[in-house]
Amino acid sequence: MLGDDGPLERSDAHWARGAARIGLGGVLMSLAARWMNHPSRASAAEFKPQQLRTARSMGLATPRTLITNSADEVRTFAENVKAPLITKPLGTPHVAHSQGSETMYTREVDLDALGGVELTAHLFQERVPKQYEVRLIVVGDTCHSVKIKAHSEAARTDWRSDYDALEYEPIETPADVVNGVRGYLARLALTYAAMDFIVQPNGQWTFLEANPSGQWAWLNSAEIPLAASIAQTLENWCRR
């Protein structure tokens, strides 16, 4: 952030961001308006541990997961799951530091290189066998599922790391997944979410995470009418 005389010190910038968030956010949250989603609901739904617990309670399959800052616990977890582990950020994947900024993508865990784990909480999961991934955009009661075909090693680990290597194809959402997704939104009082799933070689859909404010426009097309679905949902609200 910039002040009148140049960049703010880190502590000042942190304070200014907090004040702007509470000030502008407080004004927006006080409006008597319909939301997709209400800011307070979206904020509460961002916690990955809660997402996994809610998804599992709604009958969706989830990966075995550990959240810890102990290298010993990570190694014990790896022995118990008997599968490679992946790790990914619990919060925003974008990190700014003195050398610039970087994006942290999902990556496989090297059990011999766990230095620094003790500094904060980390999420570790079993690496689920993958046939392909799905971005599921749910708007109200409507599920739009898109198969993501990855054509590079980086994209097969985390498709966000190599968009040029991706192909998209609309697919039908299984009935049990639809029911689980609708239950998930109802439990967390959401009307929109962008969900990520792995489809295993045996056809099972495994829930990874859900972004209550996730992007959708890059997938919008005549075959995947996300904008029309959002507009129709908002129009239906106005008629009530």
Side-chain angles (χ1 to χ4, degrees), residues 1-54 65-74 85-110 113-125 135 137 154-155 157-164 185 187-196 208-219 230 234:
M1 298 184 71
L2 299 178
D4 293 338
D5 300 319
L8 296 176
E9 294 293 333
R10 180 174 296 183
S11 60
D12 294 336
H14 178 75
W15 177 87
R17 280 194 296 269
R21 177 179 178 275
I22 293 172
L24 177 59
V27 170
L28 293 175
M29 289 177 65
S30 67
L31 297 176
R34 289 186 180 273
W35 289 90
M36 186 185 284
N37 299 293
H38 190 278
S40 64
R41 299 296 187 185
S43 180
E46 289 179 350
F47 294 92
K48 286 185 173 67
Q50 178 181 231
Q51 293 177 10
L52 291 164
R53 184 180 181 87
T54 302
T65 302
L66 171 71
I67 295 173
T68 187
N69 68 338
S70 167
D72 288 340
E73 289 188 4
V74 177
L85 302 183
I86 59 93
T87 184
K88 57 186 176 182
L90 280 163
T92 175
H94 307 294
V95 180
H97 46 69
S98 58
Q99 285 76 40
S101 62
E102 61 181 308
T103 301
M104 297 185 296
Y105 296 111
T106 300
R107 64 186 187 279
E108 194 161 307
V109 175
D110 181 351
L114 294 173
V117 167
E118 71 279 0
L119 296 176
T120 190
H122 294 73
L123 181 148
F124 299 92
Q125 288 179 331
R135 168 55 69 96
I137 305 292
T157 301
D158 189 328
W159 55 260
R160 298 169 303 172
S161 67
D162 190 1
Y163 281 94
D164 292 337
L185 261 66
R187 175 71 59 84
L188 297 182
L190 301 173
T191 54
Y192 170 90
M195 296 181 160
D196 291 321
L208 297 179
E209 60 184 273
N211 188 337
S213 305
Q215 298 179 24
W216 55 269
W218 98 98
L219 291 172
I230 292 171
L234 295 173

Side-chain touch Phe47/Thr54, heavy atoms, less than 4.5 angstrom
no
So, Ser161 side chain and Ala154 main chain: donor-acceptor pair closer than 3.5 Å or not?
yes
Please lay out, stage by stage, how Gln125 and Leu52 fare under the test side-chain contact (heavy atoms from CB on, under 4.5 Å).
CA-CA 11 Å; Gln125 288 179 331; Leu52 291 164; 3.9 Å; yes
Any idea which heavy atoms bring Ser30 and Val27 closest together, and the distance?
OG-O, 2.7 Å
Apply side-chain contact (heavy atoms from CB on, under 4.5 Å) to the pair Leu188 and Arg41, showing each step before the final yes or no.
CA-CA 7 Å; Leu188 297 182; Arg41 299 296 187 185; over 6 Å; no
Thr191 vs Arg34, side-chain contact (heavy atoms from CB on, under 4.5 Å): CA-CA, chis, key distance, verdict
CA-CA 10 Å; Thr191 54; Arg34 289 186 180 273; over 6 Å; no
Do Leu114 and Val109 have side chains that get closer than 4.5 Å, going by heavy atoms?
yes
For Gln215, does the CD atom have more than 12 heavy-atom neighbours from other residues, nucleotides or ligands under 6.0 Å away?
no
Residues, nucleotides or ligands: over 12 heavy atoms within 6.0 Å of Arg187 CZ:
no
Nearest atoms (heavy-atom pairs only) where Leu190 meets Ala45
CD1-CB, 3.9 Å
Considering all heavy atoms of both residues, which atom of Asn37 and which atom of Tyr192 are nearest to each other, and what is their separation?
ND2-O, 2.9 Å
Between Gly116 and His122, which heavy-atom pair has the shortest distance, and what is it?
O-CE1, 4.0 Å
Atom pair CD1/CD1 of Ile230 and Ile137 - distance to nearest 0.5 Å
8.0 Å
Can you tell me how far CD of Glu46 sits from CG of Leu90, rounded to the nearest 0.5 angstrom?
12.5 Å
Taking the side chain from Ser43 and the backbone from Ser40, do they hold a donor-acceptor pair closer than 3.5 Å?
no
Criterion side-chain contact (heavy atoms from CB on, under 4.5 Å) on His38 and Met29, from CA distance to verdict
CA-CA 7 Å; His38 190 278; Met29 289 177 65; 3.8 Å; yes
Whether the side chain of Gln51 engages the backbone of Ala210 through a donor-acceptor N/O pair (distance < 3.5 Å, no angle test) should be reported.
yes
Can you find a heavy atom in the side chain of Tyr105 that is under 4.5 Å from one in the side chain of Thr157?
no
Looking at CG of Leu234 and CE of Met36, how far apart are the two atoms once the value is rounded to the nearest 0.5 Å?
4.5 Å
Spacing of Leu208 atom CG and Ile86 atom CD1 [to the nearest 0.5 Å]
7.5 Å
When rounded to the nearest 0.5 Å, the distance separating CZ of Arg107 from CG of Asp158 is 11.0 Å
Glu209 side chain to Lys48 backbone, donor-acceptor under 3.5 Å:
no
In Å and rounded to the nearest 0.5 Å, what is the CZ to CG distance from Arg17 to Asp12?
10.5 Å
